[in-house]
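Every heavy atom of this structure was used, including side-chain atoms; hydrogens, water molecules and symmetry mates were not. Quick note: residue numbers are just sequence positions, from 1. Computed from a prediction, not measured in an experiment: that's the story for all the values here.
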Amino acid sequence: MERYPMMRIYAKVRNFLFGMINKEFLIFLLFLFISALFWLGMTLNETYEREYMVTMVLDKVPKNAVITKSIDDTVLVTIRDRGFLHAAYTYSDRLKKLKINFQSFANNKTGKGVVSQVDLQKIIYRKIYGSSKVVSVKPDKLDFTYNYGLSKKVPVRLLGTIVPAKSYYLARTRFWPDSVLVYATRDKLDSIKYVTTENINIENFEDTVVRVVALNKMDETKIVPATVKIALYPDILTEGSIEVPIVAINMPEGMVLRTFPSKVKVRFIVGASMFKSIRPEQFLVVADYKELAKRPSDKCNIYLRTSPHGTAKAQLEIRQVDYLIEK
């Protein structure tokens, strides 16, 4: 029986304490809310400067015009005004993107267009509220270049470090496409012989590597397409040898140089896929009569003058042979 009176006393005390706390907490929240509103009102009514990133785009570009150097994507605009208008700029699209009329600034004689700081400010003032003031614009001007289709087709070249795995070499490189169109002024086009990929570094590979790579940009030019696909074909290296006839050079008329032996073995390193295509006639081993006439000797020096593309470390098995000169 004593249990229930104790529970009622406990409930009354708890309700009294929590009731007091809840009232004080609600009063605290009320004053905090009023203070926040007061602070917000003062802040939004205060005048200060704020910087905005504004996207700039060229507008009304003719279909036959090719932009070879575009304007900067963004400008930094510092505006002075009251806080509530800064809030409006921040949460609206008013300053997100501004358009620059191509026709208003293009100079067809020079193929260039310049948007001065004064012009930028005029464009910005058309989009901001009357009480706002533009304090600064960075950069202080924008420029672009263009032409009406003047272009040149040039080949693509690889730029970078390509090192296959040990005992492999780079047998072939292929591009898709292997040539691109470059749009620029006549003077620039005359000086451009090729375009290069961005610097790439590929090492220690044994299988074919295929990648899409960007092309290096050049000032006041547009490259189409701006990327190419590249394939690198490695091949395993193998040692080989082949017998090549010795050819006499600089012989006087009526004289014949005979060497013993008449052929010499050439050792070389080549890719396995090319090995079967190597022929003796792709090498040139010579004996020079002029050298024998100047410095007669019992032996004739022989030299490897030519070896086929794709072979490496080609060398003669012997460097001297016996010889006989016949008239």
Side-chain angles (χ1 to χ4, degrees), residues 68-70 72-74 151-184 188-245 263-286 302-319:
T68 54
K69 178 196 172 187
S70 188
D72 292 338
D73 291 338
T74 57
S151 63
K152 178 182 180 180
K153 195 172 187 179
V154 296
V156 178
R157 291 189 181 179
L158 177 64
L159 179 65
T161 303
I162 308 297
V163 183
K166 187 177 180 180
S167 299
Y168 284 79
Y169 82 109
L170 183 62
R172 187 162 62 98
T173 302
R174 187 178 177 187
F175 297 97
W176 293 277
D178 58 3
S179 299
V180 294
L181 278 178
V182 178
Y183 293 86
K188 275 191 171 293
L189 290 177
D190 290 342
S191 65
I192 297 173
K193 306 302 179 185
Y194 58 87
V195 297
T196 64
T197 64
E198 288 186 343
N199 201 314
I200 58 176
N201 184 14
I202 304 174
E203 299 182 2
N204 197 33
F205 62 100
E206 299 177 0
D207 297 322
T208 300
V209 175
V210 179
R211 289 189 182 179
V212 175
V213 297
L215 299 176
N216 266 326
K217 297 178 181 179
M218 295 178 283
D219 290 340
E220 298 183 1
T221 62
K222 182 176 182 179
I223 302 173
V224 180
T227 61
V228 296
K229 185 163 69 172
I230 182 174
L232 306 174
Y233 300 94
D235 194 6
I236 193 165
L237 292 170
T238 183
E239 289 189 8
S241 64
I242 194 169
E243 285 198 331
V244 178
K263 295 182 178 181
V264 65
K265 187 174 287 187
V266 179
R267 299 187 182 278
F268 55 88
I269 296 175
V270 70
S273 62
M274 292 181 58
F275 183 77
K276 292 183 179 180
S277 65
I278 300 299
R279 298 287 181 268
E281 55 269 21
Q282 294 174 295
F283 297 86
L284 177 61
V285 178
V286 300
I302 56 176
Y303 304 94
L304 177 62
R305 290 285 177 85
T306 304
S307 57
H309 176 73
T311 58
K313 298 183 179 180
Q315 57 185 355
L316 298 170
E317 188 176 55
I318 58 174
R319 297 183 180 279

Walk me through whether Val180 and Val228 qualify under side chain to side chain contact (heavy atoms under 4.5 Å, CB included). CA-CA 9 Å; Val180 294; Val228 296; 4.2 Å; yes

What's the verdict on side chain to side chain contact (heavy atoms under 4.5 Å, CB included) for Ile223 and Leu181, showing C-alpha distance, side-chain angles and the deciding distance? CA-CA 6 Å; Ile223 302 173; Leu181 278 178; over 6 Å; no

Show, in sequence, the C-alpha distance, side-chain angles and deciding distance for Ile318 and Val264, and conclude whether the side chain to side chain contact (heavy atoms under 4.5 Å, CB included) test is met. CA-CA 7 Å; Ile318 58 174; Val264 65; 3.5 Å; yes

Decide side chain to side chain contact (heavy atoms under 4.5 Å, CB included) for Thr221 and Lys188; before the verdict, give the C-alpha distance in whole Å, the side-chain angles of both, and the deciding distance to 0.1 Å. CA-CA 8 Å; Thr221 62; Lys188 275 191 171 293; 4.1 Å; yes

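Of the possible polar contacts, none joining the Lys229 side chain to the Val210 backbone as a donor-acceptor pair under 3.5 Å is found. Under the 3.5 Å distance criterion, the side-chain polar atoms of Lys217 are left unmatched by any main-chain donor or acceptor of Ala214. In terms of modelled atom types and a separation under 3.5 Å, the side chain of Asp235 and the main chain of Tyr169 share no donor-acceptor contact.
Counted within 6.0 Å of OH on Tyr303, heavy atoms from surrounding residues, nucleotides or ligands total more than 12; the atom is thus considered enclosed. A 6.0 Å sphere centred on CD of Glu281 holds more than 12 heavy atoms belonging to other residues, nucleotides or ligands. Heavy atoms of other residues, nucleotides or ligands lying less than 6.0 angstrom from CG of Asn201 number more than 12.
The minimum heavy-atom distance linking Tyr233 with Arg174 is given by the pair CE1-CB, 4.0 Å. Minimum heavy-atom separation, Pro234 to Tyr168: CB-CD2, 4.3 Å. Residue Thr161 comes nearest to Asn199 through the heavy atom pair N-OD1, 4.4 Å, listed as atom of the first residue, atom of the second, then distance. The nearest pair of heavy atoms linking Ser179 to Lys153 is CB-CE, 3.6 Å. Of all heavy-atom pairs spanning Met218 and Val195, the tightest one is CE-CG1, 3.6 Å. The two residues Leu316 and Ile302 make their nearest non-hydrogen contact at CD1-O, 3.6 Å.
Contact check for Ile269 versus Thr311: no side-chain heavy atoms found under the 4.5 Å cut-off. Between Asn204 and Val163, the closest side-chain pair of non-hydrogen atoms is not below 4.5 Å. Contact annotation: the side chain of Val270 approaches that of Thr238 to within less than 4.5 Å [non-hydrogen atoms, C-beta and beyond]. With contacts defined as side-chain heavy-atom distances shorter than 4.5 Å, the pair Phe205/Ile162 qualifies. The side-chain heavy atoms of Leu284 and Val286, taken from C-beta on, include a pair separated by under 4.5 Å. Put simply, the side chain of Ile202 reaches to within 4.5 Å of the side chain of Arg211, judged on heavy atoms. Using a 4.5 Å heavy-atom cutoff, the side chains of Leu189 and Tyr183 are not in contact. Inter-residue side-chain proximity for Leu158 and Leu232 is flagged as met; some heavy-atom pair is nearer than 4.5 Å.
The side chain to side chain donor-acceptor pair (under 3.5 Å) test applied to Asp178 returns no partner, not counting sequence neighbours. For Lys265, the side-chain contact (heavy atoms from CB on, under 4.5 Å) partners two or more places apart in sequence, or in a different chain, are Ser241, Arg267, Glu317.
Separating the OG atom in Ser307 from the CD1 atom in Ile278 is a distance of 9.0 Å, to the nearest 0.5 Å. In this structure, OG in Ser277 is found 6.5 Å from CD in Gln282, a value given to the nearest 0.5 Å. From Phe175, atom CZ reaches atom CG of Leu215 across 9.0 Å, with rounding to the nearest 0.5 Å. How far NZ of Lys193 is from OG of Ser191: 7.5 Å, rounded to the nearest 0.5 Å. To the nearest 0.5 Å, the span separating CZ on Arg157 from OG1 on Thr196 amounts to 10.0 Å.
Side-chain rings of Phe283 and Phe268 approach one another, their centers coming within less than 6.0 Å.
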